[in-house]
Asker: 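Shown below is the structure under consideration.
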Protein chains: 2
Amino acid sequence: MSLPAKKYDVFQAIADPTRRQVLRLLAEKELPISEITSHFPISRTAISKHLKILSEAELVIGRKVGREKIYRLHPEPLTELKQWLSYYEQFWSNKLSVLKHVVEKEEESGLQVVRSKEEMERSSGQ
Amino acid sequence: MSLPAKKYDVFQAIADPTRRQVLRLLAEKELPISEITSHFPISRTAISKHLKILSEAELVIGRKVGREKIYRLHPEPLTELKQWLSYYEQFWSNKLSVLKHVVEKEEESGLQVVRSKEEMERSSGQ
DNA sequence: TTGACATGAAACCAAAAGGTTTTATATAAT
DNA sequence: ATTATATAAAACCTTTTGGTTTCATGTCAA
């Protein structure tokens, strides 16, 4: 009896450039489907499908108002992305973080680490 | 004449769960294709294709050593993802950032903003 | 109440994605 | 020299994706 099993996760949802643009739009303000569509060269139906996918990923929330369906941004699921990313941050970002890991390994191995001020500055440059 | 025009960008590259797992593996240490494959239930050829996609997105780098091709993580392109994400951080995360924007708007409009210490603390709670 | 508007839903389509199997080629080991 | 290993490349297959067109339905306005 597994859970509903969302068909679209955040990673898939943001993989498409059109959907990313839609998110940007909705970040400005909530909009009905027709208005969203007016920003794109594709059909209203296509946009509707993108919205359904974003909706399944819970990146947007739609509510019906009269004959319109108004969507707004719901950014919370992006935290999952952020967490995923955070794992890799240790590997790139500034050279300092690389140094940090070298140091941690050296500390684990019981070595004493001494670096000069000059070395620090060389390492932290972009 | 336009640039090479990468077929796969970071967003697409990380959309697939298998590719995300491959990245995780390579974060531990560099590995030849056959070893990577041994961690998955799919064929070596399939893994090879995933690696090609990751390679196009420049998330991994492969070098030939003897008859093996050894891949290692190259996380730099993830900065693009981070930048993309950073735009949305203002919208979710802590309530404080929401407050921050309210304040900015109020400041724009020339209003003076005064909040109590208690209000600050209430707003910053997870 | 009769259109016009906004969306929903279904049927359809071509291309891309994610696999497989088969065949070829270079390198290593015996 | 021969065989085993590691990968590359090509052909093929099925499902998913991103789009379209067409038709149905609910709501607003005249």
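Here is how names work: the chains are called A, B, and so on, in the same order as the sequence lines, proteins then strands, and each is numbered from 1.
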Asker: Between atom CD1 in B:Ile47 and atom P in D:dA8, what is the gap in whole Å?
Answerer: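 Result: 13 Å.
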Asker: Restricting to salt bridge (Lys or Arg N to Asp or Glu O under 4.0 Å), what partner residues turn up for A:Glu68, sequence neighbours left out?
Answerer: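 So A:Glu68 forms no salt bridge (Lys or Arg N to Asp or Glu O under 4.0 Å) with any residue.
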Asker: Of the residues in residues 56-63 of chain A, which ones touch DNA chain D at a heavy-atom distance under 4.0 Å?
Answerer: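 Contacts with DNA chain D under 4.0 Å: none.
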Asker: Less than 4.0 angstrom between a side-chain N/O of B:Ser48 and OP1 or OP2 of D:dT7, yes or no?
Answerer: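 Answer is no, no contact under 4.0 Å.
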Asker: Who pairs with A:Lys82 by side-chain hydrogen bond (donor to acceptor under 3.5 Å, both in side chains), at least two apart in sequence or on another chain?
Answerer: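 Scan of A:Lys82 (side-chain hydrogen bond (donor to acceptor under 3.5 Å, both in side chains), adjacent residues dropped) gives B:Glu89.
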Asker: In whole Å, what is the span from the CG atom of B:Leu54 to the C1' atom of C:dA17?
Answerer: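 To the nearest whole Å, that distance equals 14 Å.
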Asker: By the ring pair (Phe, Tyr, Trp, His ring centres under 6.0 Å) test, which pairs, at least two apart or in different chains, include something from residues 48-85 of chain B?
Answerer: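 Qualifying pairs, neighbours excluded: B:Phe11-B:Trp84, B:Trp84-B:Tyr88.
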Asker: B:Gln12 side chain N/O closer than 4.0 Å to the phosphate oxygens (OP1, OP2) of C:dA16?
Answerer: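 No, B:Gln12 has no side-chain N/O under 4.0 Å of OP1/OP2 on C:dA16.
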Asker: For B:Asp9, enumerate each residue passing the salt bridge (Lys or Arg N to Asp or Glu O under 4.0 Å) test, keeping only those at least two apart in sequence or located in another chain.
Answerer: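 If we apply the salt bridge (Lys or Arg N to Asp or Glu O under 4.0 Å) test to B:Asp9, skipping adjacent residues, the hits are A:Arg20.
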Asker: What pairs meet the salt bridge (Lys or Arg N to Asp or Glu O under 4.0 Å) rule with one or both residues in residues 45-59 of chain A, with sequence neighbours excluded?
Answerer: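 Counting only pairs at least two positions apart or across chains, the salt bridge (Lys or Arg N to Asp or Glu O under 4.0 Å) contacts touching residues 45-59 of chain A are A:Lys6-A:Glu58.
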Asker: For A:Asp16 versus A:Thr18, what's the shortest heavy-atom pair and its separation?
Answerer: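 Residues A:Asp16 and A:Thr18, closest heavy atoms: OD2-N, 2.9 Å.
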Asker: Can you give one letter per nucleotide of nucleotides 18-29 of chain C, going 5' to 3': B for a protein heavy atom under 4.0 Å from the base, S for sugar-phosphate only, - for none?
Answerer: SBBB-----BS-
Asker: Taking only the side-chain nitrogens and oxygens of A:Ser34, find out if one of them lies under 4.0 Å from OP1 or OP2 of C:dT7.
Answerer: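 Checking A:Ser34 against C:dT7: at least one side-chain N or O falls below 4.0 Å of OP1 or OP2.
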Asker: Identify every side-chain donor-acceptor pair in residues 35-46 of chain A under 3.5 Å, counting partners at least two apart or on other chains, and give the distances.
Answerer:
{"from": "A:Thr37", "atom 1": "OG1", "to": "A:Ile33", "atom 2": "O", "distance (Å)": "2.9"}
{"from": "A:Ser38", "atom 1": "OG", "to": "A:Glu35", "atom 2": "O", "distance (Å)": "2.6"}
{"from": "A:His39", "atom 1": "ND1", "to": "A:Glu35", "atom 2": "O", "distance (Å)": "3.0"}
{"from": "A:Ser43", "atom 1": "OG", "to": "A:Ala46", "atom 2": "N", "distance (Å)": "3.1"}

Asker: Tell me: OH of A:Tyr71 to C1' of C:dT7, nearest whole Å?
Answerer: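 Interatomic distance, OH of A:Tyr71 to C1' of C:dT7: 10 Å.
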Asker: When the distance from CZ of A:Phe40 to C1' of D:dG19 is rounded to whole Å, what number comes out?
Answerer: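 After rounding, the reported distance stands at 14 Å.
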Asker: For B:Gln12, check side-chain hydrogen bond (donor to acceptor under 3.5 Å, both in side chains) against everything at least two apart and list the hits.
Answerer: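 B:Gln12 satisfies side-chain hydrogen bond (donor to acceptor under 3.5 Å, both in side chains) with no other residue.
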